[in-house]
Amino acid sequence: MKILVIGKNSHLKWDTNVVQAFENLGHDVLHFQINKRSAGIQLSRGLFKAIFGKKIGNKFSNKFHLYRSLNVIKEFNPDLVFFVAASFIPEEYYLFFKENLSKSKFFAWEGDGGSINSSLSYLSKYLDFYFDASPDGVKKSLLGIRNIDSLSFSANINVFRNYNYERQNKTYFCGNLNTDRNDFISKLYKYELILKGFNWDKLNATKNNFIISNRLVNQCELISDYNSYISGLNITQKEVSGYSSGLNMRGFEIPSCGMLLINDYRENLGDYFDLENEICMYHNIEELKTILDKLSKYPKEFEKIRLNGYKRVVAEHSYEHRMKKVLEVYSQF
């Protein structure tokens with residue numbers, strides 16, 4: 001089967017993980033990233049923006065990029081066109097591929113609250129099937145797409161691996177500081193936390209017990225960190241979508257590296273993990289403090305939970321598992 005995966009290059013490598021999963025399942029894949037352009041196209045993009053302004057200039061340069069790639073895409077002739085991070089891909093891409101690949105099926109995967117953004121309702125004109133990483137995205141969708149289902153995030157278990165390093169008994173969090181996280185983390189000033197990402201220099205709390213790296217963390221460093229500490233904290237960005245269900249990438253990548261996942265409450269978290277035996281979950285700051293207190297004194301009591309979480313991800317939460325579901329849906333068309 002031939003699959004064209006369309007995404008946007010970023011440090012999350014979401015579309016790259018999808019490509020690798022389809023390839024590992026034995027399919028022929030062409031990868032098209034909307035922001036990966038040749039030097040000539042990038043130069044023309046700057047000229048278009050200078051002449052027509054940013055909005056119109058970007059559209060012109062996007063179309064130029066597409067037409068330069070048209071022969072390769074037509075020759076590939078995909079059975080399935082799969083858009084990753086659907087809300088970040090401009091409409092002209094959907095229109096172009098729909099006009100030039102009339103025999104292909106068009107699927108998309110979204111995970112950043114795009115389902116409740118009514119300005120993206122144009123997606124219903126192009127897509128045969130739409131997946132949202134959260135069940136809330138399916139229930140609350142404003143897109144008018146008939147065929148829609150949830151498809152949770154996962155981990156690239158070929159990259160996010162457990163290397164069995166000797167781990168320090170510290171709790172790690174990698175992500176950018178925002179208002180919710182500022183208020184929350186500031187109340188944990190008594191604990192030894194490793195904090196990495198942007199804006200942590202603006203943290204309200206006394207930073208005596210925190211080790212802070214205020215910068216972007218690349219994937220290699222992230223995997224090394226996930227293998228270097230016993231536990232990893234997950235604090236969902238509620239302001240992104242307001243969803244109360246679903247789990248972000250961090251929720252799968254942490255245990256994929258053999259790190260103990262300490263996750264905030266999500267309505268359907270029990271669908272992914274055994275909440276008693278595979279991860280730790282907290283509803284509020286006091287419950288988290290209880291977990292951290294116990295972890296600091298009796299880390300060996302969490303060893304079995306940590307390893308069980310790792311085994312669960314490998315067994316059920318890889319990108320290969322998710323793409324098998326996509327292919328099952330495709331087989332029904």
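Please read all numbers here as calculations on a predicted model, not as lab measurements. Only this structure's heavy atoms are used, side chains among them; waters, hydrogens and symmetry mates stay out.
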*Does W109 reach the main-chain N or O of L151 with its side chain, forming a donor-acceptor pair under 3.5 Å?*
yes

*Nearest-0.5 Å distance that lies between atom OG in S331 and atom CE in M1*: 9.0 Å

*Below 4.0 angstrom, N of the basic side chain to O of the carboxylate: do E221 and R215 qualify?*
yes

_On a heavy-atom basis, which atom in D128 and which in S104 lie closest, and how many Å separate them?_
OD2-O, 4.3 Å

*Side chains of N162 and Y226: does their closest heavy-atom pair fall under 4.5 Å?*
no

_Flag, side chain of R250 to backbone of N234, donor-acceptor distance under 3.5 Å_ = no

*Centroid-centroid distance, F273 to H317, less than 6.0 Å*: yes

*Please step through side chain to side chain contact (heavy atoms under 4.5 Å, CB included) for the pair I73 and L101, ending with a clear verdict.*
CA-CA 9 Å; I73 293 169; L101 298 172; 3.8 Å; yes

_Could you check, using the six-membered ring where one of them is a Trp, whether F107 and F333 have ring centers closer than 6.0 angstrom?_
yes

_Do Q20 and N158 pair up side chain to side chain, a donor and an acceptor below 3.5 Å, judged on atom types alone?_
no

_Side chains of T236 and D264 only: does a donor on one sit below 3.5 Å from an acceptor on the other?_
yes

*Enter the distance from I211:CD1 to L195:CG here, rounded to the nearest 0.5 Å.*
9.0 Å

*Is it the case that one hydrophobic cluster holds both V314 and L261, taking links as side-chain heavy atoms less than 4.5 Å apart, direct or via other members?*
yes

*Report yes or no: do N24 and E320 form a side-chain donor-acceptor pair below 3.5 Å?*
yes

_Cluster link L70 to V72, ILVMFWY, side chain under 4.5 Å_ = yes

_Strictly distance-based, threshold 3.5 Å: is any side-chain N or O of S102 a donor or acceptor partner for the main-chain N or O of K98?_
no

*Quick check: does any side chain N or O of S141 sit under 3.5 Å from a backbone N or O of V138, one acting as donor and the other as acceptor?*
no

*Would you call E253 and F153 a side-chain contact if the rule is heavy atoms closer than 4.5 Å?*
no

*Is V159 linked to L216 within one hydrophobic cluster, defined over Ile, Leu, Val, Met, Phe, Trp and Tyr using a side-chain heavy-atom separation of less than 4.5 Å?*
no

_Atom CZ of R167 with >12 non-hydrogen neighbours under 6.0 angstrom_ = yes

*Once you round to the nearest 0.5 Å, how far does OG1 of T171 lie from CZ of F210?*
10.5 Å

*T179 and D183: side-chain donor and acceptor closer than 3.5 Å?*
no

*Where do N178 and R181 land on the side chain to side chain contact (heavy atoms under 4.5 Å, CB included) test, with the steps shown first?*
CA-CA 5 Å; N178 56 31; R181 289 172 177 169; 3.2 Å; yes

_Taking the six-membered ring for Trp, are H65 and F96 closer than 6.0 Å centroid to centroid?_
no

*asked:* Pair K125, E91 - check salt bridge (charged side-chain N to carboxylate O under 4.0 Å, His left out), show working.
replied: CA-CA 10 Å; K125 297 186 293 184; E91 183 177 5; 3.3 Å; yes

*For A155 and V313, which heavy atoms make the closest approach, and how far apart are they?*
CB-CG1, 4.0 Å

*With a 4.5 Å heavy-atom cut-off, do T16 and V5 have their side chains touching?*
no

*Is there a donor-acceptor contact under 3.5 Å linking the side chains of N182 and N204?*
yes

*Verify ring pair (Phe, Tyr, Trp, His ring centres under 6.0 Å) between Y126 and F106, making sure each step is shown before the conclusion.*
CA-CA 7 Å; Y126 308 109; F106 286 72; 8.2 Å; no

*asked:* In the structure I gave you, are the side-chain heavy atoms of I34 and F83 within less than 4.5 Å of one another anywhere?
replied: no

*asked:* Does this structure show an ion pair linking R312 with D274, if we count only N-O contacts that are shorter than 4.0 Å?
replied: no

*Treat each ILVMFWY residue as a node, draw an edge where side-chain heavy atoms are under 4.5 Å apart, and state whether Y189 and I285 are in one component.*
yes

*asked:* Any non-hydrogen side-chain atom of N263 less than 4.5 Å from a side-chain atom of L233?
replied: no

*How many angstroms lie between atom CG of N156 and atom NZ of K13, to the nearest 0.5 angstrom?*
10.5 Å

*asked:* With a 4.0 Å cut-off on N to O distance, would you call K300 and E303 a salt bridge?
replied: no

*asked:* Could you tell me if N268 and S245 have a donor-acceptor pair between their side chains, going purely by distance under 3.5 Å?
replied: no

*At what distance, to the nearest 0.5 angstrom, does CD1 of I262 lie from CG of L260?*
5.0 Å

*Could you walk me through whether D136 and S244 pass side chain to side chain donor-acceptor pair (under 3.5 Å), step by step?*
CA-CA 7 Å; D136 276 350; S244 58; 3.2 Å; yes

_Between Y191 and N209, a side-chain donor and acceptor under 3.5 Å_ = no

*Hey, are the side chains of V81 and K105 touching, using non-hydrogen atoms and a 4.5 Å cut-off?*
no

*Using the six-membered ring wherever Trp is involved, compare the ring planes of Y172 and Y229 and label them parallel, tilted or perpendicular (cut-offs 30° and 60°).*
parallel

*Counting only heavy atoms not in E276, do more than 12 fall under 6.0 Å of its CD?*
no

*Going through the checks in order, is the side chain to side chain contact (heavy atoms under 4.5 Å, CB included) test met by L295 and N169?*
CA-CA 8 Å; L295 185 60; N169 189 8; 3.9 Å; yes

_For the CD1 atom of I235 and the CG atom of D180, what is their distance to the nearest 0.5 Å?_
9.5 Å

*Between S119 and N117, which heavy-atom pair has the shortest distance, and what is it?*
OG-OD1, 2.6 Å

_Restricting to non-hydrogen atoms, name the atom on I116 and the atom on L142 that form the minimum distance, rounded to 0.1 Å._
O-CD1, 3.2 Å

_Students often mix this up, so state it plainly: with edges at 30° and 60°, are the rings of H27 and F22 parallel, tilted or perpendicular?_
perpendicular

*asked:* Less than 4.0 angstrom from a charged side-chain N to a carboxylate O is my criterion; do K325 and D149 meet it?
replied: yes

*asked:* Within the structure provided, determine whether P90 and N62 are in side-chain contact (heavy-atom separation under 4.5 Å).
replied: yes

*Is it the case that S318 and S154 place a side-chain donor and acceptor less than 3.5 Å from each other?*
no

*Using a distance-only test with no angle check, is there a side-chain donor-acceptor pair under 3.5 angstrom linking H11 and N218?*
no

*Nearest atoms (heavy-atom pairs only) where G114 meets L143*: O-CD2, 3.7 Å

*Answer with yes or no whether the side chains of D132 and S134 bring together a donor and an acceptor at under 3.5 Å.*
no

*Indicate, with yes or no, if I223 and I254 share a hydrophobic cluster defined by side-chain heavy-atom contacts under 4.5 Å among Ile, Leu, Val, Met, Phe, Trp and Tyr.*
yes

*For Y272 and F252, run ring pair (Phe, Tyr, Trp, His ring centres under 6.0 Å): C-alpha distance rounded to whole Å, both residues' side-chain angles, the deciding distance at 0.1 Å, then the answer.*
CA-CA 9 Å; Y272 309 125; F252 297 103; 5.5 Å; yes

*Taking all non-hydrogen atoms of both residues into account, name the closest pair between W200 and N214 and its distance.*
N-OD1, 2.8 Å

*Side chains of R322 and S152: donor-acceptor distance under 3.5 Å anywhere?*
yes

*Is the closest side-chain heavy-atom distance between Y94 and L127 below 4.5 Å?*
yes

